[in-house]
Undergrad: 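Provided herewith is a single structure, encoded as structure tokens, for subsequent inquiry.
Remember, predicted model here, so these are calculated numbers, not experimental data.
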Amino acid sequence: MRVSRILAGSARRSPGLDALSALVKGYHFLLEEGGVEAYRRMSWELWIPGLGPAFLTKFLYFAGYEPIRASSVGGVSPLILDAVVTRAL
């Protein structure tokens with residue numbers, strides 16, 4: 001299964017950091033600094049091979065839906081950027 005293979009990997013640009021730990025770090029960036037910063041960091045320093053924009057933004061959307069609304073990071077939930085949205089833009 002694709003997700004299992006992705007999660008069994010590691011963060012490419014952060015040696016010694018497994019994929020699950022990279023997701024947890026990204027989640028903390030989401031809560032502390034907001035969706036844009038979490039996306040930026042997870043797209044570069046915490047990049048996990050196989051985790052493209054569609055899956056990454058879905059992760060941020062669902063991980064941050066309630067916590068972001070209740071926090072002081074602006075109260076804006078991250079958006080999903082998949083093929084459907086990309087075509088519409």
Undergrad: Please report, to 0.1 Å, the donor-acceptor pairs under 3.5 Å made by any side chain of residues 15-24, with sequence neighbours excluded.
TA:
unit_1 : atom_1 : unit_2 : atom_2 : d
Asp18  : OD1    : Leu20  : N      : 3.1
Asp18  : OD1    : Ser21  : N      : 2.8
Asp18  : OD1    : Ser21  : OG     : 3.2
Asp18  : OD2    : Ser21  : OG     : 3.2

Undergrad: Just jot down the side chain to side chain contact (heavy atoms under 4.5 Å, CB included) partners of Val85, sequence neighbours excluded, or say none.
TA: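 Partners of Val85 under the side chain to side chain contact (heavy atoms under 4.5 Å, CB included) test: Leu81, Asp82, Leu89.
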
Undergrad: With sequence neighbours excluded, tell me which residues meet salt bridge (charged side-chain N to carboxylate O under 4.0 Å, His left out) with Glu45.
TA: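 For Glu45, the residues satisfying salt bridge (charged side-chain N to carboxylate O under 4.0 Å, His left out) (neighbours in sequence not counted) are Arg41.
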
Undergrad: Got a sec, which pairs hit salt bridge (charged side-chain N to carboxylate O under 4.0 Å, His left out) with one end in residues 19-29, sequence neighbours left out?
TA: none

Undergrad: Which heavy atom of Gly26 sits nearest a heavy atom of Ala38, and at what distance?
TA: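 Looking at all heavy atoms of both residues, the closest pair is O-CB, 3.8 Å.
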
Undergrad: Give, for atom OG1 of Thr57 and atom CZ of Phe62, the distance between the pair rounded to the nearest 0.5 Å.
TA: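 The OG1 atom of Thr57 sits 10.0 Å away from the CZ atom of Phe62.
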
Undergrad: Would you mind listing every ring pair (Phe, Tyr, Trp, His ring centres under 6.0 Å) that reaches into residues 29-57, with sequence neighbours excluded?
TA: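 Counting only pairs at least two positions apart or across chains, no ring pair (Phe, Tyr, Trp, His ring centres under 6.0 Å) contact touches residues 29-57.
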
